[in-house]
Amino acid sequence: MVLDRTLPGVQNLRHVVVLMMENRSFDHMLGALKATNPNIDGLTGNESNPDNTGAVIQVQPQAQYQSQLDPDPNHDFANVNLQIFNDPQNGPPLSATMQGFIASYYNQQQNTAQSHNILNYFTPDKLPVLTTLAKQYAVFNRWFASIPGPTICNRAFAHYGTSFGQVSMDVLYLGKPYQAIYDRMLAAGHTCKLFYFDEASSTMEVVNLLQNEPSLFGTFQDFLTACTQNALPDYCFIEPNYTDHPAEDGSGEAIANDQHPDHDVRAGEQFIATVYNAIRTNPNLWPNTAMLLVYDEHGGIFDHVPPPACTPDAPFTAQPAETGTLDAFAFDRLGVRVPAILISPWVAAGSVINDTFEHACIPATVSEFFQLPAVPRSAREVAANTFLGNLTLEVMRADDACPSFVIQPSS
Amino acid sequence: MQPIPVPAPPRSAYNPNRRISDLLKSQLKHFQHIAQKRGSLGIEPAIARNIDTEAGAAHYIAAMTRALRGQAPAAAPKLAVVPAPKAVRKPAAEVTRIAAAASKPTTKSSKKKSAIPASKRKK
């Protein structure tokens, strides 16, 4: 879809902010919204997986904020194969039944009851921020992880539009043939930053961007300050806090807010709300900023939508030794579906986007909107859909028609 | 539209002694790769060894990040500034949350913050 630059929301747009959270599937976080909005491709309540005894276990609205997904569910390539195809060694032409999630989690501890937790989902009242944003702005029905695998290779797609053939956490991009979106932005005279939470949490882009281009980075405090001072870069990518650690100023505790199991999901809710509020409460930013909230991958947690095929990321192929399966992987199918929401006052409340997206759509969208000069880009990024055409309202929503959040202190 | 309250996690959710996840192991591995390639970068060996818990890993990651960015510790996110907790998991009023990040400015300078060794802060 070519961006319609006559849209008022696009004409007003100056900033794109991406917040990428960790390791939760669409159905786990947003699946319950189908009950109130049938256009959202969530859960009917009848979805199920077999367990190790052969019993058919249905999804349950019993997800907890913490302690239920400990140990962290496996989500390496082979285990995601098991989750999608119910077979750890073979993929297509097997059918993507989404029937192997309990089996994968059972393998970690051989605990039948524990393995059922992987099918639990949150009720909307437990996630007031995420579900409110999904209902009040545009929720993506078909945003998938870029790879059926773990975090770092998936995050790479958000930065580079590719993982350069990697399906694992070992992403050492030596001699990379494609520039990161940040390099492209800077080369074109635009401003951009990756904001990690603090030095103690840092970034998952260690070996590549932090090592070679440290000036690209800022802290979350820098982001908040930039919002306050109307100095927000044109493009911002925000990383959450990945660890529980003492606050760097010695003042107390910095709790992990990435929502990665087994971190408390409420801390992530507060973090999302803090990012949103920083934009929403500044009248100089709110009309001209689009925020994408998205998760990097599903973290081994159940989703019912089979991931589709996609444009192969030629020339890259991961060999069986790398996938841990009997198959090579040509990056020609997507990972499991994740929550994604487009937030802007130019988006109609209750919007549902049905086109297919993945993380390569992020650099593709940024490149398109900022009209960056043509440079070599990955096959996946070239083929990726872009999402700013969903700022479709002719008139910006009134201030009191957009939600706001009050962050409560710990009691 | 009425503002929507966003509850905080309980203080018991904070566990800096949690064993690190595979994700953090990979992040550490990447930092160690750089340290191996570039030399120690001035990181104390004890900090580089004590990385089995989230707080330990965070301490090492902070040191490496600062070294790579070639700068003094930057200002920490504006958490509510209260005295450091005496015990890691002890429920106490000094627990801070990102909840207050956007609303309560810190008053300490980053220089002052950096003067306090993290190993002393944690206790």
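Chain A is the first sequence line, chain B the second, and so forth, proteins listed ahead of strands; every chain is numbered from 1.
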Visitor: Measuring heavy-atom distances to chain B, does A:Cys227 have an atom under 4.5 Å in its side chain, in its backbone, in both, or in neither?
Guide: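 Contact with chain B is absent: no heavy atom of A:Cys227 under 4.5 Å.
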Visitor: Rounded to the nearest 0.5 Å, what's the gap from OG on A:Ser202 to NE2 on B:His30? Could you check?
Guide: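 Separation between the atoms: 12.0 Å.
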Visitor: So, B:Glu54 versus A:His263: side-chain donor-acceptor pair below 3.5 Å or not?
Guide: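 Yes, A:His263 and B:Glu54 have a side-chain donor paired with an acceptor closer than 3.5 Å.
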Visitor: Between A:Pro128 and B:Pro7, is any pair of side-chain heavy atoms under 4.5 Å apart?
Guide: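 The answer is yes; the side chains approach within 4.5 Å.
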Visitor: Determine, for A:Asp262 against B:Arg18, whether the closest basic-nitrogen to carboxylate-oxygen distance falls under 4.0 angstrom.
Guide: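 Looking at A:Asp262 and B:Arg18, the cut-off is not met.
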Visitor: Do B:Pro16 and A:His245 come close enough that some side-chain heavy atom pair is under 4.5 Å?
Guide: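 No. Closest side-chain heavy atoms not under 4.5 Å.
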Visitor: Please check if the side chain of B:Gln27 supplies one atom and the backbone of A:Thr203 the other of a donor-acceptor pair under 3.5 Å.
Guide: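 Pair found, side chain donor or acceptor close to backbone of A:Thr203.
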Visitor: Please state whether the side chain, the backbone, both or neither of A:Ser215 comes within less than 4.5 Å of a heavy atom of chain B.
Guide: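 Looking at A:Ser215, nothing touches chain B.
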Visitor: Which value, rounded to the nearest 0.5 Å, describes the distance between A:Asn23 atom CG and B:Ser21 atom OG?
Guide: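 Rounded to the nearest 0.5 Å, the CG-OG separation comes out at 8.0 Å.
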Visitor: Please flag which part of A:Val206 lies under 4.5 Å from any non-hydrogen atom of chain B: side chain, backbone, both or neither.
Guide: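 Its backbone and side chain both get close to chain B.
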Visitor: Rounded to the nearest 0.5 Å, how far apart are CD of A:Gln66 and CG of B:Asn15?
Guide: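 The CG atom of B:Asn15 is 8.0 Å from CD of A:Gln66, to the nearest 0.5 Å.
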Visitor: Decide side chain to side chain contact (heavy atoms under 4.5 Å, CB included) for B:Met1 and A:Ser404; before the verdict, give the C-alpha distance in whole Å, the side-chain angles of both, and the deciding distance to 0.1 Å.
Guide: CA-CA 8 Å; B:Met1 191 177 290; A:Ser404 60; over 6 Å; no
Visitor: Any idea which of B:Leu23, B:Ile61, B:Ile20 has the most non-hydrogen atom pairs under 4.5 angstrom with chain A?
Guide: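 That would be B:Leu23.
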Visitor: With only heavy atoms counted, which part of A:Pro150 is less than 4.5 Å from chain B, the side chain, the backbone, both or neither?
Guide: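 Contact with chain B is absent: no heavy atom of A:Pro150 under 4.5 Å.
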Visitor: Could you check which of B:Ile34, B:Asp22, B:Val6 has the highest count of heavy-atom pairs closer than 4.5 Å to chain A?
Guide: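 Among B:Ile34, B:Asp22, B:Val6, the one with the most close pairs to chain A is B:Val6.
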Visitor: Go through the atoms of A:Asp264 and report whether side chain, backbone, both or neither lie under 4.5 Å from a heavy atom of chain B.
Guide: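 Looking at A:Asp264, just its side chain touches chain B.
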Visitor: Apply side chain to side chain contact (heavy atoms under 4.5 Å, CB included) to the pair B:Ile4 and A:Val129, showing each step before the final yes or no.
Guide: CA-CA 8 Å; B:Ile4 296 160; A:Val129 177; over 6 Å; no
Visitor: Any heavy-atom pair between the side chains of B:Tyr14 and A:Pro246 that's under 4.5 Å?
Guide: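 Yes; the side chains approach each other to less than 4.5 Å.
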Visitor: How close do B:Ala8 and A:Gln408 get, heavy atom to heavy atom, and via which atoms?
Guide: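 It is CB-O, 3.4 Å.
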Visitor: Can you tell me how far the CE atom of A:Met204 sits from the OG atom of B:Ser26, to the nearest 0.5 Å?
Guide: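 Atom-to-atom, A:Met204:CE and B:Ser26:OG are 8.0 Å apart.
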Visitor: Relative to chain B, which segment of A:Tyr65 carries a heavy atom at a distance below 4.5 Å: side chain, backbone, both, or neither?
Guide: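 Neither the backbone nor the side chain of A:Tyr65 comes within 4.5 Å of chain B.
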Visitor: Is B:Lys25 in contact with chain A via its backbone, its side chain, both, or neither, using a 4.5 Å heavy-atom distance?
Guide: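 When you check distances to chain A, no heavy atom of B:Lys25 falls under 4.5 Å.
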Visitor: Keeping B:Arg69 on the side-chain end and A:Phe217 on the backbone end, is there a donor-acceptor pair under 3.5 Å?
Guide: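 Checking the backbone N and O of A:Phe217 against the side chain of B:Arg69, a donor-acceptor pair under 3.5 Å is found.
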Visitor: Are any of the side-chain heavy atoms of A:Glu248 and B:His59 separated by less than 4.5 Å?
Guide: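 In short, these two side chains do not touch, never coming nearer than 4.5 Å.
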Visitor: Under the side chain to side chain donor-acceptor pair (under 3.5 Å) test, which residues partner A:Gln136, sequence neighbours left out?
Guide: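 Expected list: A:Arg397.
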Visitor: Identify which part of A:Ala273 has an atom lying under 4.5 Å from any heavy atom of chain B, answering side chain, backbone, both or neither.
Guide: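 Only the side chain of A:Ala273 comes within 4.5 Å of chain B.
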Visitor: Of all residues at least two apart in sequence or in a different chain, which pass the side-chain contact (heavy atoms from CB on, under 4.5 Å) check with A:Pro71?
Guide: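 Once residues adjacent in sequence are excluded, the partners of A:Pro71 under the side-chain contact (heavy atoms from CB on, under 4.5 Å) criterion are A:Tyr105, A:Gln108, A:Gln109, A:Gln114.
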Visitor: Please lay out, stage by stage, how B:Arg38 and A:Gln211 fare under the test side chain to side chain contact (heavy atoms under 4.5 Å, CB included).
Guide: CA-CA 10 Å; B:Arg38 293 197 178 180; A:Gln211 173 181 217; 3.2 Å; yes
